[in-house]
Asker: 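If you scroll down you'll find the structure; I have some questions about it.
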Amino acid sequence: MCRNIKTLFNFDPPATEDEIQAAALQFVRKLSGFNTPSKANEEAFHCAVQEVSVVAKNLLDALVTNAEPRNREVEIERARARNAKRFATTE
């Protein structure tokens with residue numbers, strides 16, 4: 001899975017439209033293989049991003065959980081710790 005697509009469900013505050021749009025863009029980029037589409041594919045690319053955004057928003061609105069909402073700052077620190085461990089240099 002694309003590492004740039006982040007979990008957006010069950011956060012307080014909830015995911016923003018910009019976060020959903022960014023995840024949709026990464027998803028369409030991954031599927032299409034284009035970082036930036038050619039002029040011939042530009043309309044289809046942007047249409048796909050918009051459609052994926054709508055579907056993702058609908059999914060996030062429909063999901064339910066009994067778990068406590070996650071804290072964004074705590075999740076960021078956990079990700080930093082994982083990255084530090086993963087990319088640590090041994091001297």
Side-chain angles (χ1 to χ4, degrees):
M1 180 178 225
C2 184
R3 293 184 190 275
N4 292 332
I5 300 175
K6 306 298 181 199
T7 301
L8 299 178
F9 178 61
N10 196 27
F11 278 99
D12 188 28
T16 65
E17 293 293 328
D18 288 340
E19 290 173 314
I20 295 170
Q21 180 79 15
L25 176 60
Q26 288 298 322
F27 182 72
V28 172
R29 284 177 174 169
K30 186 70 169 181
L31 286 179
S32 68
F34 302 134
N35 188 31
T36 305
S38 65
K39 290 290 183 191
N41 294 318
E42 194 171 36
E43 185 178 340
F45 186 90
H46 293 300
C47 181
V49 172
Q50 292 305 315
E51 290 177 4
V52 170
S53 294
V54 169
V55 171
K57 175 89 171 96
N58 291 342
L59 173 64
L60 292 173
D61 290 344
L63 293 173
V64 295
T65 183
N66 292 327
E68 290 291 319
R70 292 181 276 187
N71 183 302
R72 291 181 188 276
E73 289 76 27
V74 170
E75 295 299 322
I76 289 169
E77 286 304 316
R78 286 181 184 161
R80 283 187 184 137
R82 283 191 307 270
N83 284 336
K85 182 178 178 182
R86 180 173 180 221
F87 298 112
T89 57
T90 55
E91 297 180 27

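Index from 1, following the sequence.
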Asker: Locate the shortest heavy-atom distance separating Leu60 from Ala15; write the atom from each residue and the value.
Answerer: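 Heavy-atom minimum between the residues: CD1-CB, 4.4 Å.
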Asker: Give, for atom NZ of Lys6 and atom CD of Glu19, the distance between the pair rounded to the nearest 0.5 Å.
Answerer: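 With rounding to 0.5 Å, NZ (Lys6) is 11.5 Å from CD (Glu19).
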Asker: Between Arg78 and Glu75, is the closest basic N to carboxylate O distance under 4.0 Å?
Answerer: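 Between Arg78 and Glu75 there is a salt bridge, with a charged N closer than 4.0 Å to a carboxylate O.
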Asker: Do Val64 and Phe9 have side chains that get closer than 4.5 Å, going by heavy atoms?
Answerer: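 Answer no - side chains too far apart.
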Asker: Quick check: closest heavy atoms across Phe45 and Asn35, and the distance to 0.1 Å?
Answerer: CZ-O, 4.3 Å
Asker: Give a yes or no on whether Val52 and Val54 share a hydrophobic cluster (residues Ile, Leu, Val, Met, Phe, Trp, Tyr; joining criterion: side-chain heavy atoms under 4.5 Å apart).
Answerer: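 No; Val54 is not reachable from Val52 via cluster members.
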Asker: Measuring only between side-chain heavy atoms, which start at C-beta, is Leu63 closer than 4.5 Å to Leu59?
Answerer: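 Side chain of Leu63 against side chain of Leu59, heavy atoms only: contact under 4.5 Å found.
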Asker: Do Val55 and Ile20 sit in one hydrophobic cluster, given that two such residues count as connected whenever their side-chain heavy atoms are within less than 4.5 Å of each other, even indirectly?
Answerer: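 No.
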Asker: Whether the side chain of Asn10 engages the backbone of Glu68 through a donor-acceptor N/O pair (distance < 3.5 Å, no angle test) should be reported.
Answerer: yes
Asker: In Å and rounded to the nearest 0.5 Å, what is the CG to NE2 distance from Asn41 to His46?
Answerer: 10.5 Å
Asker: Rounded to the nearest 0.5 Å, what's the gap from CZ on Arg70 to CG on Leu8? Could you check?
Answerer: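 Spacing of CZ (Arg70) from CG (Leu8) equals 9.0 Å.
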Asker: Below 4.5 Å, heavy atoms only, C-beta onward: do Glu17 and Gln21 meet side chain to side chain?
Answerer: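 With C-beta onward as the side chain, the pair stays apart.
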